[in-house]
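Input: a single structure, listed below in structure tokens.
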Amino acid sequence: MTTIQLVSEHACFGGKQQFYKHDSRETRGPMKFSVYQPPQAKAGRVPVLYYLAGLTCTEETFPIKAHAQAVAAELGLMLVAPDTSPREPRIPGDAQMWDFGQGAGFYVDATQAPWSANYRMYSYVVRELPEVVAANLPALAGATGIFGHSMGGHGALTLALRNPTQYRSVSAFAPVAAPMQCPWGQKAFTNYLGPDQEIWREYDATQLVARRPFPAHILIDQGAADQFLADQQLLPEKFAAAAAAAGQKINLRMQPGYDHGYYFIQTFMADHLLHHAKILKG
């Protein structure tokens, strides 16, 4: 069993907000993640909802900024949020760009040196972290969902579409929905995965949903005043079109006046937690 170290713990809405670190076999270095245990976890195992954060974020961003704990406490959901990339060992130049390297793992398993040795965020989130959570925390088996924001919305959609038996529910805030067609995705995929675009397709939600729809309804919220929407970085319309053609049940909600930040996420967080709770609690 992987040994995890409790970094800090804070009482929160009758439950507890915790921060952990452990040595990762996938990233070959220390990794950090946050956990909110709702009050119901004192009496037994509870459904688990993973949150994947966006560019430049850490494991602290979601619990501090998203204001999710109050509703999670009411619904009895455990919230788990990993860091967005490895932090050690350092790779030369890994912090030179805000949209690539540290804080920008894009939830892929890199195949290109020097990133391939440590930047294995897909396998870390899909395989290792759930093992760590199951072994050390009161997680209810078979009741797992995933959601995320921006780069993390890309990760949530991709991981769910590729692993529909592991994740029963999925949603996203302003996801990078078609990374093969946007500058952020093209930059990350070229550097992490190399030039073979067939490999890229395995990490592009628009490509994946066209091949095999997710069994459950997908909820996506997108701010209509999002600056990155105008920059053609997010492309939710591409995902929506592919989903419609594939028969995927999707609710893409364009929210007038909202931008890309956490005030937007706070506003619609309760809707997303309720979306997951209805599916996970069945």
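Basis for what follows: all heavy atoms, side chains included, without hydrogens, waters or symmetry-related copies.
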Self-check item: Joint hydrophobic cluster, Val35 plus Val71, side-chain heavy atoms closer than 4.5 Å
Solution: no

Quiz item: Could you state the interatomic distance from CZ (Arg162) to CG (Leu157), rounded to the nearest 0.5 Å?
Solution: 13.5 Å

Exercise. Mind running side chain to side chain contact (heavy atoms under 4.5 Å, CB included) on Tyr20 and Val7 for me, showing each step along the way?
Key: CA-CA 5 Å; Tyr20 288 97; Val7 176; 5.7 Å; no

Exercise. Evaluate the side-chain hydrogen bond (donor to acceptor under 3.5 Å, both in side chains) criterion for residues Ser24 and Glu128: first the C-alpha distance (whole Å), next the side-chain angles of each, then the deciding distance (0.1 Å), finally the verdict.
Key: CA-CA 8 Å; Ser24 168; Glu128 185 174 12; 2.7 Å; yes

Quiz item: What is the ring orientation for Tyr51 with Phe147, classed by angle as parallel under 30°, tilted 30 to 60°, or perpendicular over 60°?
Solution: perpendicular

Quiz item: Does the pair Glu131/Arg25 count as a salt bridge with the N-to-O cut at 4.0 Å?
Solution: yes

Exercise. Step by step, work out the side chain to side chain contact (heavy atoms under 4.5 Å, CB included) result for Leu79 and Leu273.
Key: CA-CA 10 Å; Leu79 305 174; Leu273 296 182; 4.1 Å; yes

Exercise. Report yes if the side chains of Pro236 and Leu229 come closer than 4.5 Å at any heavy-atom pair, otherwise no.
Key: yes

Quiz item: Are Tyr107 and Val209 grouped together when hydrophobic residues (ILVMFWY) are joined by side-chain heavy atoms under 4.5 angstrom apart?
Solution: yes

Practice problem: Can you measure from OG (Ser169) to NE2 (His276) and round to the nearest 0.5 angstrom? | Solution: 4.5 Å

Quiz item: Between Ser116 and Ala110, is there a donor-acceptor pair closer than 3.5 Å when you use the side chain of the first and the backbone of the second?
Solution: no

Practice problem: Answer yes when Glu202 and Arg211 have at least one side-chain N-carboxylate O distance shorter than 4.0 Å, and no when they do not. | Solution: yes

Quiz prompt | Gap separating the CD atom of Glu88 from the CZ atom of Arg28, nearest 0.5 angstrom | solution = 16.0 Å

Quiz item: Between Tyr119 and Tyr192, is the gap from one ring center to the other below 6.0 Å?
Solution: yes

Quiz item: So if you build clusters from Ile, Leu, Val, Met, Phe, Trp, Tyr with side-chain heavy-atom gaps below 4.5 Å, do Val170 and Leu75 land together?
Solution: no

Practice problem: Identify which one of His275, His149, His260, His272 satisfies the ring-ring contact (aromatic ring centres under 6.0 Å, His included) criterion when paired with Phe173. | Solution: His272

Quiz item: What do you reckon, is NZ of Lys21 surrounded by more than 12 foreign heavy atoms closer than 6.0 Å?
Solution: no

Quiz item: Under 3.5 Å, is there a donor-acceptor pair between the side chain of Asn163 and the main chain of Gln166?
Solution: no

Quiz item: According to the interplanar angle, ranging from 0 to 90°, do the rings of His10 and Phe19 count as parallel (below 30°), tilted (30 to 60°) or perpendicular (above 60°)?
Solution: perpendicular

Quiz item: So how far is it from His67 NE2 to Tyr263 OH, rounded to the nearest 0.5 Å?
Solution: 8.0 Å

Quiz item: What residues, two or more places apart in sequence or in another chain, satisfy side chain to side chain donor-acceptor pair (under 3.5 Å) together with Arg253?
Solution: Asp221, Asp271

Self-check item: Non-hydrogen side-chain atoms of Leu52 and Val125 separated by less than 4.5 Å
Solution: yes

Quiz item: Where do Gln222 and Leu234 land on the side chain to side chain contact (heavy atoms under 4.5 Å, CB included) test, with the steps shown first?
Solution: CA-CA 9 Å; Gln222 172 63 62; Leu234 305 176; 3.6 Å; yes

Self-check item: Close side-chain approach of Asn251 to His217, heavy-atom, < 4.5 Å
Solution: yes

Self-check item: Under 3.5 Å: donor-acceptor pair, side chain of Gln232, backbone of Cys182
Solution: no

Exercise. Decide yes or no for Leu159 and Tyr50: does some side-chain heavy atom of the first lie under 4.5 Å from some side-chain heavy atom of the second?
Key: no

Quiz item: Under 3.5 Å, is there a donor-acceptor pair between the Gln18 and Ser8 side chains?
Solution: no

Practice problem: Establish, yes or no, whether a centroid distance under 6.0 Å links the rings of Tyr258 and Phe268. | Solution: yes

Self-check item: Distance (rounded to the nearest 0.5 Å) between Thr27 OG1 and Arg87 CZ
Solution: 11.5 Å

Quiz prompt | Partners passing side chain to side chain contact (heavy atoms under 4.5 Å, CB included) against Asp23 (at least two apart in sequence or in another chain) | solution = Pro30

Self-check item: NZ/Lys278: more than 12 non-hydrogen atoms of other groups inside 6.0 Å
Solution: no

Self-check item: Pro175 side chain reached by Ile220 side chain, heavy atoms, under 4.5 Å
Solution: yes

Quiz item: When you look at Met121 and Val108, which way does the side chain to side chain contact (heavy atoms under 4.5 Å, CB included) test go after all the steps?
Solution: CA-CA 5 Å; Met121 290 301 295; Val108 305; over 6 Å; no

Self-check item: Under the side chain to side chain contact (heavy atoms under 4.5 Å, CB included) test, residues paired with Lys65 that sit two or more places apart
Solution: Thr61, Tyr262

Quiz item: Does one hydrophobic cluster hold both Leu280 and Val46, with members joined at side-chain heavy-atom distances below 4.5 Å?
Solution: no

Quiz item: Would Phe100 and Trp184 count as a close aromatic pair, with their ring centres under 6.0 Å?
Solution: no

Quiz item: How about Ser123 and Asp109: does a side-chain donor come under 3.5 Å of a side-chain acceptor?
Solution: yes

Practice problem: Report whether Met151 and Ile64 are members of the same hydrophobic cluster (ILVMFWY, side-chain heavy atoms less than 4.5 Å apart, transitive linking). | Solution: no

Quiz item: Within a strict 4.5 Å, meaning less than it, do heavy atoms of the Met97 and Lys187 side chains meet?
Solution: yes

Self-check item: Which residues share a side chain to side chain contact (heavy atoms under 4.5 Å, CB included) with Gln69, sequence neighbours left out
Solution: Cys12, Phe13, Gln17, Tyr36, Pro63

Quiz item: Would you call the rings of Trp200 and Phe189 parallel, tilted or perpendicular, where under 30° means parallel and over 60° means perpendicular?
Solution: perpendicular

Self-check item: Donor-acceptor under 3.5 Å (Ser85 side chain, Gly103 main chain)
Solution: yes

Quiz item: Do the non-hydrogen side-chain atoms of Val132 and Ile4 ever get within less than 4.5 Å of each other?
Solution: yes

Quiz item: Is the closest side-chain heavy-atom distance between Met78 and Pro138 below 4.5 Å?
Solution: yes

Exercise. List in chain and number order the residues that pass ring pair (Phe, Tyr, Trp, His ring centres under 6.0 Å) with Tyr124, two or more places apart in sequence or in another chain; answer none if no residue qualifies.
Key: His22

Quiz prompt | Nearest-0.5 Å distance that lies between atom CG in Asp196 and atom OG1 in Thr190 | solution = 11.5 Å

Self-check item: Members besides Leu140 in its Ile/Leu/Val/Met/Phe/Trp/Tyr cluster (side-chain heavy atoms under 4.5 Å)
Solution: none

